[in-house]
2 protein chains.
Amino acid sequence: MNPHTQNAFRALADPTRRTIVQMLAAEDMTIAQLTDRFDMTRAAVKKHLTVLSDGGLITVEIKGRERINRLEPKGMAPILDWFSYFDQFWDDRLANLKEAIERNEK
Amino acid sequence: MNPHTQNAFRALADPTRRTIVQMLAAEDMTIAQLTDRFDMTRAAVKKHLTVLSDGGLITVEIKGRERINRLEPKGMAPILDWFSYFDQFWDDRLANLKEAIERNEK
DNA sequence: CTCATGTGATACCATTTAGTATCATATATA
DNA sequence: TATATATGATACTAAATGGTATCACATGAG
């Protein structure tokens with residue numbers, strides 16, 4: 001199994017991390033900037049960022065003494081791929097439904 | 001914030017639960033049937049099913065002494081809704097997926 | 001009725017998780 | 001250079017999580 005899939009799903013399981021993802025969708029931010037917007041310590045925010053990074057959902061650009069955290073849309077791919085499994089599932093159910101209707105008409 | 005969103009994300013964060021979801025996509029199953037396919041006790045599987053139910057991802061039909069667990073595609077909606085926030089970041093795969101669900105519901 | 005089967009529920013355990021506090025290190029800046 | 005700023009890293013804690021063992025209860029089959 002793709003290890004990125006598990007890390008990505010786990011990264012999004014926490015509400016704080018989902019909020020961080022949404023914030024980074026609006027603009028790149030340093031750890032300090034993110035910490036300003038939460039009621040928790042910088043160390044806690046840093047841990048969340050590590051989990052998001054493990055999940056491939058963000059990248060970090062080191063700029064001097066700052067770390068610019070940036071959303072990595074590509075990291076969402078494993079999750080969407082997983083969901084696409086059910087695209088087939090839904091299509092099949094629709095096909096079955098169609099078939100049932102056609103049988104009924106005959 | 002929608003409480004279903006957190007429960008749904010949490011439900012999918014565990015690999016065993018994601019596998020259960022895929023199994024139930026293939027066919028409805030009782031707890032005993034699911035337990036046969038995992039190397040863990042029935043109690044553990046039951047706990048996973050409770051989490052999946054809390055997340056709105058499955059429904060249960062009680063039939064005599066059996067409990068038929070069934071995938072609830074509607075439960076995926078909060079997750080897909082959350083992802084739709086990021087429309088600007090990726091292609092139309094998500095939109096297609098959502099459309100498939102909605103078609104199925106109608 | 002009796003008994004096997006399918007499940008619910010509880011207590012318990014080890015590990016992970018989300019958080020804090022604290023100290024160390026690197027880099028701007030006065 | 002001296003100091004403030006931005007972050008890394010570690011140790012610690014409480015609570016959540018994933019699992020087992022075990023007992024109780026309801027239902028179907030002989």
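Proteins come first, then strands; the chains are lettered A, B, ... in the order of their sequence lines, and each starts at number 1. Bear in mind that the values here come from a model prediction, so they are computed numbers and not experimental data. No hydrogens, no waters, no symmetry mates; every other heavy atom, side chains included, goes into these values.
- The distance from atom CG of Leu34(B) to atom CZ of Arg67(B), rounded to the nearest 0.5 Å, is 11.5 Å.
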_Protein within reach of the bases, or only the backbone? For nucleotides 19-30 of chain C, mark each nucleotide 5' to 3' as B, S or -, using heavy atoms under 4.0 Å._
BBB-----BS--
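- Under the 30°/60° scheme for interplanar angles, the aromatic rings of Trp82(B) and Phe9(B) are found to stand perpendicular.
- In this structure, Val21(A) and Met76(A) approach most closely via the heavy-atom pair CG1-CE, 3.9 Å.
- At whole-Å resolution of the value, CD1 in Ile62(B) and P in dT27(D) are 10 Å apart.
- The interatomic distance linking Ile20(B) (CD1) with dG19(D) (C1') rounds to 13 Å, in whole Å.
- Taking atom CG of Asp54(A) as the reference point, atom P of dA18(C) lies 12 Å away to the nearest angstrom.
- Computed from coordinates, the Ile31(A) CD1 to dT5(D) P distance equals 17 Å when rounded to whole Å.
- Atom CG of Asn7(A) and atom C1' of dT17(C) are 14 Å apart (whole Å).
- Between atom NE2 of residue His48(B) and atom OG1 of residue Thr19(B) there is a gap of 9.5 Å, rounded to the nearest 0.5 Å.
- In the hydrophobic clustering of ILVMFWY residues, with side-chain heavy atoms under 4.5 Å counting as a link, Val51(B) and Val60(B) come out apart.
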*List the steps and the verdict of side-chain contact (heavy atoms from CB on, under 4.5 Å) for Asn69(B) and Met29(B).*
CA-CA 5 Å; Asn69(B) 298 278; Met29(B) 294 174 82; 5.7 Å; no
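- Look at CG on Leu34(B): it is 12 Å from P on dG8(C), rounded to the nearest Å.
- Taking only side-chain nitrogens and oxygens, Arg10(B) comes nearer than 4.0 Å to OP1 or OP2 of dG18(D).
- Going from atom NZ of Lys46(B) over to atom P of dG18(D) covers 15 Å, rounded to whole Å.
- What separates CD of Glu61(A) from P of dT7(D) is a distance of 13 Å, to the nearest Å.
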